[in-house]
Every structure is written in C-alpha cells, then in structure tokens.
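Report on the structure given below.
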Amino acid sequence: MIDLDLLRNNLEEVKSNLSKRAFDFDTSLWNELEENRKDLQVQMESYQAEQNTIAKEIGSAQKNKDSIEDLKAKASEISNKLKKVKEKFQTNKIEYDDFLLSIPNLVDASVPQGKSEEDNEILEEIGEIPSFNFSPKDHQELGILNDGMDFKAAVKISKSRFVIFKNSIALLSRALTQFMLNTHINDHGYKELYVPFIVNKDSLIGTGQLPKFKEDQFQITDDDGEMYLIPTAEVPVTNYHKDEILKSDDLTLSYVAHTPCFRSEAGSYGLDTKGIIRQHQFEKVELVKITHPDKSSEELEKLTSNAETILKLLELPYRKVKLCSGDIGFGSSLTYDLEVWLPSQNRYREISSCSNYKDFQARRLKIRTEDNGDKILCHTLNGSGLAVGRTIAAILENFQDASGKVTIPEVLRSYMNNQEIL
RNA sequence: GGAGAGGUGGCUGAGUGGUUGAAAGCGCUCCCCUGCUAAGGGAGUAUGUGGUAAUACCGCAUCGAGGGUUCGAAUCCCUCCCUCUCCGCCA
C-alpha cells in the first residue's frame, strides 16, 4: 500500500509516478472517497464522544439517585444517529480500502520508462553463450530422452502444466535445491526457514497478491474459509514478522526458504506450453530481506548478486536487466531480473526476479523498527535464488552434446554421487 | 474427533455492566539521594487513527477476531480463531 500522507498531500506526484506504469489514477473517485471518509469519520467520532459523555453522566446521576430518564432519552437519540452514520462510514470504508489496495507501488526514480519487456534496460551479459555444431534439443526432449521427465503421466494424474521428474532429473532437482540452500546459508549469511505452503487470505493481502491477483492463485477449500496455496515463499516468509516492531540491532534480517510454488497461470493459454518453463507447480529457493529503510538499496544489490552467484557457479550464461516501468511488478519499486540463456529458444528467460518493495508490503504488514525513538516502517525485499525448474531446463539445454547427453556442472556433482553425465 | 480450562499492556497478573486505556508487581527510561556497590525516594513508560503543517492540543478506536444486547461492554449473549490438559486417532 502506498503512503496515505503522500496521497493526501502530494497527489500530483503520486499520479505522475504511477502514470509511468500506465496506471491511471482515478482522481475524482479518490477525492470523493476521501471527502466522504473525512466527513463521515468526523461525524461518527463526534457522536461517539457525545455518547461517551452522556453515558458517564448517567453513571454518576445513578450513583446520586438523580433522575436519569431525560439523559437516557437523549442518549437513545444519539445512539440512533450514530448507528446510521456508522453504517455509511463502513460502506464507504469498504470501497475506500479496496481502492487503496488496488494502487501499485511507486516506482524508483532510477526505473527506466517503458511499456513492455522490450524496454527493459540490459545491464550486463555474463558467461558465454554456447555454440553447437548440431541442432540443440530443447529441455523437454532431453528430459524424456534421458528418462528423466514424464509429461503424459503427469497429465493423467493431474492435468496439463504438471510434470513428473524421474531418476537423474529428480536427483538433479534435489541436488540443485541443496546446493542453492547451502550456498546462501553458508556463504551468504541467510537463515533457513521451513514454512507453510498453505496460507490465509490476510497473508496474501499483506504481500500484495490479493485482492488484485486472485485469479492467479490456487484457492483451496477448507473449514477455516479462504485458504491458498503459496505462489512463492515470499508470502509466508515476509509474513513471518507481520505486526512486529523489530529491534534495530536485529536488522537486516535475511532468510532463505525452499518451497514448492503454485500458480494457476490463468490467462496464459498459448504461452510456454512445451516443457517446464511455465508449470502450475515448481520448486524455488527464495531469498527475503527485511531492512532499515536506509539500507534497502544496498541490500537489493547484495541479494541480486547472491542470486547471480548461483548462476556463475553453475556456469550458466545469463544477463541482468532492470525492469522498466511498464514491466515491473505491482508491489515492487525496483526490480532486477536475471535471465538465463535457453539455446532452444535462442533467447534469455527469467530465472530470478529481485525486487525492493520498500515500505509497500511493510505498511500492509505493519513490520516496523525503532529509529531514534520513532517507530518507522521497514523495507522488504525478495528474489529467487533460483527457480529450480528453470535451472534444470537451463542446465539440460546449455550442457547437452550431440547425442543428448548432458554434462553436470561440477559444483553439483558432490550432491549427485559424483555423477558427471546425466 | 470427545471432555474440560483459558486468551487482558514488554512480561506476570487483578478486574462479572458506569471516570478502567485498564489495579498491583516486574522490566525499562529520566531525576533525586547515598564515597563505590547494594538499598531507597519521585516522575514517566501501549498501538493505531482523525481534526492538523505539527513529535503542540483535543477526540475516537483497540482487553484473541467478528457480530449482538444496552444510554453505556474487558465484563452479558452468539459465531469463529488460537492456546493448554486429558482421552481417542495418526506420520
């Protein structure tokens, strides 16, 4: 959620910033909602104040054995008026909150202006793009060829956009996960968390997936009401410190968590139908940081380089891009995407998205810290370190030979019984 | 799943309809006193939000959550969530 003060006192600044995202801020609706809110709230609270006063008078009158009939009549009248105003206030509040929750985050000043991913700023290309003297296979073919993937059986058991990993691919997936976790924990100073994969509605509102992106979530039926499968570990991990005032000495908090992620992929019908690039379920190792606001910029650089380290150690060619204002996510203020080279597609594909949410999530979640006696909102950040499924695809495709054999990156071999070839 | 007991401020813990936003103690902050230490005295110590430029002032809300009764609810009623104990079941 964006800062209400800013909305009330610097509306033009907010509007022009959001217009970079092609978000059209409805000024007249906002003005109406805000005026109503102010009006109704002032009315409501003054009735409440009046009611409190009379209630006290009745109390003391009763003690003195004075007559309270007149006071009671007056109180009844106020009580009725209050009820009506309260109803109006609450009706307005629902719309008001909904409006606020649907406003995306302000973008950082350094974010390039643009409409789509075409306009993202390419910062660096790292590693060598492989050249093959044969026509490279895609990862689906390679997975099947090496008896490591079964798409048909997954569809039979579940539905499309699911896969079964077998044998060495299943092992590769497990090895990658361990390798990523160990690297972040041992070399980069992250603390590991194991978290729930099913979360409540409030958690998704807190990190920004709800109310706007409900159709992207997997909702499940439960006696407790609305529950959801997590779309990313960002949700449970960032929510870990919801409603807390963190000690400034404890910041920056750095967490890593491995979880499956579930996405409905509604509306992505023609996209990436082949292979494991876009699945309903995939494994991811996620990095999350909670920082003092002064530290979030440098922490984003660190977090991104921590994710890059994984790609470097795996010797995968990738590039780093800064997302433009038209491509950046709803809650993010600044995002670096890491994109890995996929030979079969002859292009780079996202494998990690590292974002500084600044106080956008912290405001919804009430994650604060003390700063010279003041209580201020923290900043939250997250990024994949990395998406395991896409890493598997990248390894298969980049390290294949003419016969379809795949060389396993050296750093993984100790996790795979020293196997060298898949 | 069955039976019972509970959820109050940073913590412990009083409080069953009327100056209770909340006693008391602990902790914490500041001040005073005392060669040091220990002990003692005094003051202060929740969060959110609104009117506001304001960390000035005034108000409102919050005693697990949401409803209800009432002029008035931490206190009464309903629903839900959570915790603990015992039994059952289970990896």
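Here is how names work: the chains are called A, B, and so on, in the same order as the sequence lines, proteins then strands, and each is numbered from 1. Because the structure is a prediction, the values reported are computed rather than measured.
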**Prompt:** Which nucleotide in the list B:rU47, B:rG18, B:rC60 gets nearest to the side chain of A:Ala49?
**Reply:** B:rC60

**Item:** Given B:rG51, B:rG48, B:rC71, the nucleotide with the shortest approach to the side chain of A:Lys72
**Value:** B:rC71

**Request:** Find which nucleotide of RNA chain B each of A:Thr53 and A:Gln90 is nearest to by heavy atoms, and output the residue with the more 5' nucleotide.
**Result:** A:Thr53

**Prompt:** Taking the side chain of A:Arg368 as its heavy atoms from C-beta onward, which of B:rG50, B:rG48, B:rC60 lies nearest to it?
**Reply:** B:rG48

**Message:** Looking only at the side chain of A:Lys83 (C-beta and beyond, no hydrogens), which of the listed nucleotides B:rG59, B:rC71, B:rU69 gets closest?
**Reply:** B:rU69

**Request:** Please determine, for the side chain of A:Lys375, which listed nucleotide (B:rC71, B:rA61, B:rU47) has the closest atom?
**Result:** B:rU47

**Request:** Consider the side chain of A:Gln62, meaning its heavy atoms from C-beta on, and name the nucleotide among B:rG18, B:rC60, B:rG72 that approaches it most closely.
**Result:** B:rG18

**Message:** On RNA chain B, does the nearest nucleotide to A:Glu50 precede the nearest nucleotide to A:Lys366 from the 5' side, or the other way round? Give the residue.
**Reply:** A:Lys366

**Asked** When you measure from the side chain of A:Ala55, which nucleotide among B:rU47, B:rG50, B:rG72 comes out closest?
**Response** B:rG72

**Prompt:** For A:Ser79 and B:rG72, is the shortest distance between a side-chain N/O and OP1 or OP2 below 4.0 Å?
**Reply:** yes

**Request:** Identify which nucleotide among B:rA61, B:rG59, B:rG51 has an atom closest to any side-chain atom of A:Arg37, counting heavy atoms from C-beta outward.
**Result:** B:rG51

**Item:** Axial cation check for A:Phe25 ring with A:Lys15, 6.0 Å and 45° limits
**Value:** no

**Asked** Which of the following nucleotides, B:rC60, B:rU47, B:rC71, is nearest to the side chain of A:Ser76?
**Response** B:rC71

**Message:** Please classify the nucleic acid contact of A:Lys38 as base, sugar-phosphate, or nothing, using heavy-atom distances under 4.0 Å.
**Reply:** sugar-phosphate

